[in-house]
Number of protein chains: 2
Amino acid sequence: MDIAARLLADEGPAALSARRIAAEAGTSTMAVYTNFGGMSGLVRQMVYEGFARLEAYFARVEQTADPVADMALFGRAYRHNAVTNPHLYAVMFGGASLGGFSLTAEDRQYGRFTLSTVVQCAARCIAAGRFRTGDPELVAHQLWTAIHGLVTLELGDYLIEPCDAPRVFEAQLTGLMVGVGDLLEPATRSVRASEARLSDLADPGDPAHAVGPPAVPES
Amino acid sequence: MDIAARLLADEGPAALSARRIAAEAGTSTMAVYTNFGGMSGLVRQMVYEGFARLEAYFARVEQTADPVADMALFGRAYRHNAVTNPHLYAVMFGGASLGGFSLTAEDRQYGRFTLSTVVQCAARCIAAGRFRTGDPELVAHQLWTAIHGLVTLELGDYLIEPCDAPRVFEAQLTGLMVGVGDLLEPATRSVRASEARLSDLADPGDPAHAVGPPAVPES
DNA sequence: TTGTATTTCATAACGCCGTTATGAACGCCG
DNA sequence: CGGCGTTCATAACGGCGTTATGAAATACAA
């Protein structure tokens, strides 16, 4: 797993091959099969790792008196994680990325529960009267999809010239807060407030490698 | 190109191989090389095709007295195109998708100019006093990234249960209009108004296959 | 400790992929 | 007619995921 993670981070998805990993580990290709059940099993494990890292960032977002600022910080943490581990993020959501294989529908489900933290924060925003929308899950999905799209296009180098990623991101952040119901003035204040707290998240350190699928909380 | 497009649409990215296409065409693998310069050239052509289809939808969005409704319709057209050609959309933005190859940075640039129509519409929204934000390109990028993210996760089957794609999409649409500056009431009216016009777009028909990169308007 | 059962992995092969070299067939034009 | 450039069929190379096979190594029971 360590070797695979290093190869992915250093040389991109193309270097993630069973043969290459085995060679790098000084073993034979079979090791990948006995330990991970083939290439798809290894990638599955890497996806778990990716979500574990994201959750590690999310876990460091502390609740404050301003839930909207907390929410904006979740957005910053999400983008920070993706930009820090771009290839891993591509594997998590790239889908058809690696050699014509794809994750199980079940695998995709696991990762989505990472959103639960964000849903709870959305609920606090609603309870505080800051968000007009009543459904915290819907709000979380709006934020998630929007920021995921920005990050995807940013990592793929698609953003057009005068609109660099940080600029669109900041605009999107306040736009989203206003869009889901907050007023412009408080929203911008909260977004500004969240900016300083990003550095507090720092690097959560390499989490213990996920040995299995992340635990799924009962709905 | 027709065979490649059919294979991609019917059997997904995994079926897009030079050998398979050649066999389907009753020729040898070499034909792919003499005509497209290898697999990457063929995929490049398919990306052009994908953007051509998107532009065909965009071209059918007519200006009305309500520029915000026009803008919402652009969003609907974008999602409609992606949902109609899911695999093609994945190739356009999947990046590392097919067999460890990737598009040139230049290729990515071409497609981005498809946004220019949306930018002009954003400018009309701003001129009409409906959007607070002053930069039409920034607005276009916010809408693009947000809807792209939604569509990506929708096609990847990532959206969580009670939040089906249409629901998140509708919420996102009004949320975005409000977020970039419109007031809630007019925004919802415009979004509602755009809903009926989506059916007018229908299917623009298969555009003439793009033979080269799409024309890039001078900035 | 010994014998057995289970896991782990090295070797080799199969079929697939993109790509390339080679040479034959073909159309074009002087 | 004869040379020429394009087009493509054939065959090969290296790399990929995967599988079968068998040999070590390990775990475990007696």
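Atoms considered below: every heavy atom in the structure, side chains included; atoms not considered: hydrogens, waters and symmetry mates. Proteins come first, then strands; the chains are lettered A, B, ... in the order of their sequence lines, and each starts at number 1.
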Round to the nearest Å and state the distance from [X] atom [atom1] to [N] atom [atom2].
| X | N | atom1 | atom2 | answer |
| --- | --- | --- | --- | --- |
| B:I21 | C:dG18 | CD1 | P | 8 Å |
| A:M30 | C:dA13 | CE | C1' | 13 Å |
| B:R19 | D:dA11 | CZ | C1' | 10 Å |
| B:R20 | C:dG15 | CZ | P | 18 Å |
| B:N35 | D:dT6 | CG | P | 13 Å |
| B:L16 | C:dG18 | CG | C1' | 13 Å |
| A:M39 | D:dG15 | CE | C1' | 13 Å |

Requested in this report: Describe the nucleic acid contact of B:T34 in one word from base, sugar-phosphate, nothing, applying a heavy-atom distance below 4.0 Å.
Outcome: base
Requested in this report: Indicate, with a heavy-atom threshold strictly under 4.0 Å, whether A:S28 touches base, sugar-phosphate, or nothing.
Outcome: base
Query raised in the report: Which residues satisfy the ring-ring contact (aromatic ring centres under 6.0 Å, His included) test with B:H87, sequence neighbours excluded?
Result: none
Requested in this report: Find out whether the Lys NZ or Arg CZ of A:R79 is both under 6.0 angstrom from the six-membered ring centre of A:F169 and within 45° of the ring's axis.
Outcome: yes
**Report entry** Pair A:R53-A:N81, side-chain donor/acceptor within less than 3.5 Å
**Finding:** no
Report task. Apply the test ring-ring contact (aromatic ring centres under 6.0 Å, His included) to residues B:F74 and B:Y78: give CA-CA distance (whole Å), side-chain angles for both, the deciding distance (0.1 Å), then the verdict. Result -> CA-CA 6 Å; B:F74 274 117; B:Y78 189 93; over 10 Å; no
Report task. If C:dG30 has a Watson-Crick or G-U wobble mate with both distances under 3.5 Å, name it; if not, just say none. Result -> D:dC1
Query raised in the report: B:S17 side chain N/O closer than 4.0 Å to the phosphate oxygens (OP1, OP2) of C:dC17?
Result: yes
Query - Closest listed nucleotide, where the reference is the side chain of A:T27 and the choices are C:dG18, D:dC8, C:dC9 - result: C:dC9
Query raised in the report: Starting at the 5' end of DNA chain C, which residue's closest nucleotide do you reach first, A:T29 or B:Y33?
Result: A:T29
